[in-house]
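Here the structure comes first, spelled out in structure tokens, and everything after it is commentary.
Predicted model, so just to flag it, every value in this text is computed and none were measured.
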Amino acid sequence: MDTLKGWVHEIRDMGGIKFIIIRNRDGLHQVTLPKKKVPPELFERVGSLNREDVVVVHGETKDSKARDFPTELIPDAITVVNAAETPLPLDPSGKVKAELDTRLDNRFVDMRRPEVQAVFSIRHTLLRHARAYLDAHGFWEVHTSRIISTASEGGTELFPITYFDKPAYLSQSPQLYKQMCMAGGFERIFEIATYFRAEEHNTTRHLNEATAIDIEMSFIEDEEDVMRVLESLIHHTVAGIVADCQDELATLGVALTVPPLPFKRLTYDEAVDLLRSKGSDIAWGDDLGTESERLLGEEMAAQGHEYYFIKRYPRNKVFYIQPDGKYCRGFDLDCKGVELTSGGQRCHEHATIVSRLEEFGLNPASFTDYLKIFRYGMPTHGGFGFGIERWLMEMLDQKNVRECILFPRDRHRTTP
RNA sequence: GCCCGGGUAGUGUAGUCCGGUCUAUCAUACAGGACUGUCACUCCUGUGACUCGGGUCCGAAUCCCGGCCCGGGCGCCA
């Protein structure tokens, strides 16, 4: 006797024989009820089942004549654990497509779809392999606080919250804490961090709550030490997904290949030259906008590079990145024209970081807590923040970053 | 923040430009019925919708104004 637990995916009533397709995380399974081989009461009761009822089926497994199933269950008992109401808010079988907004409004039903489960199975596998890689290379996993007291980090807008009677904000990056861990002698750390960004963007690749693999490492020579960790991390993680997720990739129709090492290095100067040769009027020192990133992505694809670094940015990129003449030691990692990672070698000397703040028109006096960590023995260090949702979106050719996070928070959505 | 686009049964759509049997299309869903090997089962019957408010007009799903909601692009984005 075997037991099958799951959701009623479909009922095909042929009159004298009935088929119930049961769906669970393992896939689809067939329950077959020939009129003369199952209890009459059970045969009749199948008519009262609804799609998406949760059932437990007891019966005998036999070889099946079905095209899609090697075996089938001939039941002697079917227990309805919980009936589903009708009509359903959307069709989990995918016969009738639903818009993303409808799907997200009813995410728990949407999550029953094999395509959605494939994305999140791969997401889990991605994190499993990334953790294993970082662990094998001496990185400790840490959890830093998401609640910060001041907006002194500059840059993006923060979400204000109330912390008892004090104002506070949701963290937009674990950057300060990662650097504090370097000052604290942890040498190599990573964090699977949540980022909150209060920007009113409205695109298919932005979230107001996103997740990233953040690492920081000490005693580096330059940013190349960090970049090597990043490219190896990607290489090994993708290899792990290819090895473990063939079913999921097939469900999504994605042909995933492991990107060869080392990744292409493009300097900012080369990127600007390339863009100008393609007709862009970008000036030296300008940020690479969406259009520029897209153009570079096309050009790199033409050269056979899916993933590529852009390094040696102008020194005005970010204040805490180590300057190097007119350049700095920051880098981005792009994939197919979309930025996935931002990182670099950080300033580690107190005098340098103070002069960098002044260079950026910021007041060192308002960075007292941050500056303190550079005063009592700070090693050279660097790291990166690597957006998980964006990576998955590019890897799995998803059209919208919201496909790669269970409960997206965007400009308008705070539920579910 | 700027600029486009959209809102029709539970779901996804046709119709809107050019107002008139639209008594609103089709699929799926749902309800009932037929069928002993389906596998998007098939077939028959039925149920179910024009985002809200105002305006123009003999007449508004369709045109105009406003609200609400949503999508997308750009900007922004340690």
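Not one N or O on the side chain of A:H124 forms a donor-acceptor pair closer than 3.5 Å with the backbone of A:F120. Remark: side-chain polar atoms of A:H381 are paired, donor with acceptor, to backbone N or O of A:P379 under 3.5 angstrom.
One C1' atom belongs to B:U62, the other to B:U56, and the distance between them is 14 Å to the nearest Å. Across B:C3 and B:C76, the matching C1' atoms stand 15 Å from one another, rounded to whole Å. Taking the P atom of each, B:U8 and B:U13 are spaced 9 Å apart, rounded to whole Å. Of the C1' atoms belonging to B:G5 and B:G10, the separation is 26 Å, rounded to the nearest Å. Spacing of C1' atoms, B:A49 relative to B:G15, comes out at 13 Å, to the nearest Å. A gap of 12 Å separates the C1' atoms of B:A61 and B:A14, to the nearest Å. B:A60 and B:G55: their C1' atoms are spaced 11 Å apart (whole Å). Taking the C1' atom of each, B:A9 and B:C22 are spaced 15 Å apart, rounded to whole Å.
You'll find the ring centres of A:F319 and A:F367 inside the 6.0 Å limit. A ring-centre distance under 6.0 Å is not found for A:F263 and A:Y308. Under the 6.0 Å cut-off for aromatic ring centres, A:F386 and A:W391 qualify, their centroids lying closer than that.
Relative to the six-membered ring of A:F43, A:K18 meets both conditions, a distance below 6.0 Å and an angle of at most 45° to the axis. Note that A:R312 lies in the cation-pi zone of A:Y327, set by a 6.0 Å cut-off to the ring centre and a 45° limit from the axis.
Shortest non-hydrogen contact noted between A:R329 and A:D324 is NE-OD2, 3.3 Å.
Pair assignment for B:A49 gives none, since no Watson-Crick or G-U wobble pairing has each distance under 3.5 Å. The partner of B:U56 cannot be assigned: no Watson-Crick or G-U wobble pair with both contacts below 3.5 Å exists in any strand. With both pairing distances under 3.5 Å, B:G5 is matched to B:C70 as a Watson-Crick or G-U wobble pair. Pairing for B:C26 is with B:G12, a Watson-Crick or G-U wobble pair whose two hydrogen-bonding atom distances lie under 3.5 Å. In this structure B:A61 sits in no base pair that meets the Watson-Crick or G-U test at under 3.5 Å. The partner of B:U21, taking Watson-Crick or G-U wobble pairs whose two distances both stay under 3.5 Å, does not exist in any strand shown.
Residue-to-nucleotide proximity on RNA chain B shows that, of A:E200 and A:I11, the 5′-proximal contact is made by A:E200.
Atom CG in A:D334 sits 4.0 Å away from atom CD1 in A:I310 (nearest 0.5 Å).
In this structure, A:R294 reaches neither bases nor backbone, as no heavy-atom distance under 4.0 Å exists between it and the strands shown. The residue A:D105 sits apart from the nucleic acid: no heavy atom pair falls under 4.0 Å.
The pair A:E403-A:K399 does not count as a salt bridge, with every side-chain nitrogen at least 4.0 angstrom from each carboxylate oxygen. Using a cutoff of 4.0 Å between basic side-chain nitrogens and carboxylate oxygens, A:R146 and A:E191 are scored as salt-bridged.
OP1 and OP2 of B:A29 both lie 4.0 Å or more from every side-chain N or O belonging to A:T86. Taking only side-chain nitrogens and oxygens, A:N202 never comes nearer than 4.0 Å to OP1 or OP2 of B:C2. Phosphate proximity of B:C74 to A:R205: present, with a side-chain N or O under 4.0 Å from OP1 or OP2.
Between the CD atom of A:E339 and the P atom of B:G75 there is a distance of 13 Å, rounded to whole Å. The CG atom of A:L230 sits 18 Å away from the P atom of B:A78 (whole-angstrom rounding). In this structure, the CD atom of A:E199 is 14 Å from the C1' atom of B:C74, given to the nearest Å. Atom pair A:R411:CZ and B:G73:P shows a separation of 16 Å (rounding to whole Å applied). The distance between atom CG of A:L28 and atom P of B:A40, rounded to the nearest whole Å, is 11 Å.
For B:C76, the base has a donor-acceptor partner in the side chain of A:H206 [N/O atoms by modelled type, under 3.5 angstrom].
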Criterion ring-ring contact (aromatic ring centres under 6.0 Å, His included) on A:H137 and A:Y133, from CA distance to verdict: CA-CA 6 Å; A:H137 289 79; A:Y133 177 84; 4.0 Å; yes
Would you sort out whether A:F186 and A:W140 count as a ring-ring contact (aromatic ring centres under 6.0 Å, His included), showing the intermediate values? CA-CA 8 Å; A:F186 280 18; A:W140 290 354; 5.0 Å; yes
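The listed nucleotides are B:G71, B:A78, B:U28; the one nearest the side chain of A:K95 is B:U28. When distances run from any side-chain atom of A:N50 to the nucleotides B:C76, B:G73, B:A31, the shortest one goes to B:A31.
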Can you give one letter per nucleotide of nucleotides 6-16 of chain B, going 5' to 3': B for a protein heavy atom under 4.0 Å from the base, S for sugar-phosphate only, - for none? ----SBSS---
Which letters describe nucleotides 34-39 of chain B, given B = protein heavy atom under 4.0 Å from base, S = only from sugar-phosphate, - = neither? -BBBBB
Close N or O pairs between protein and nucleotides 49-51 of chain B (under 3.5 Å):
none

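Considering A:D286, A:D287, A:D332 in turn, A:D332 is the only one that fulfils the salt bridge (charged side-chain N to carboxylate O under 4.0 Å, His left out) rule with A:K317.
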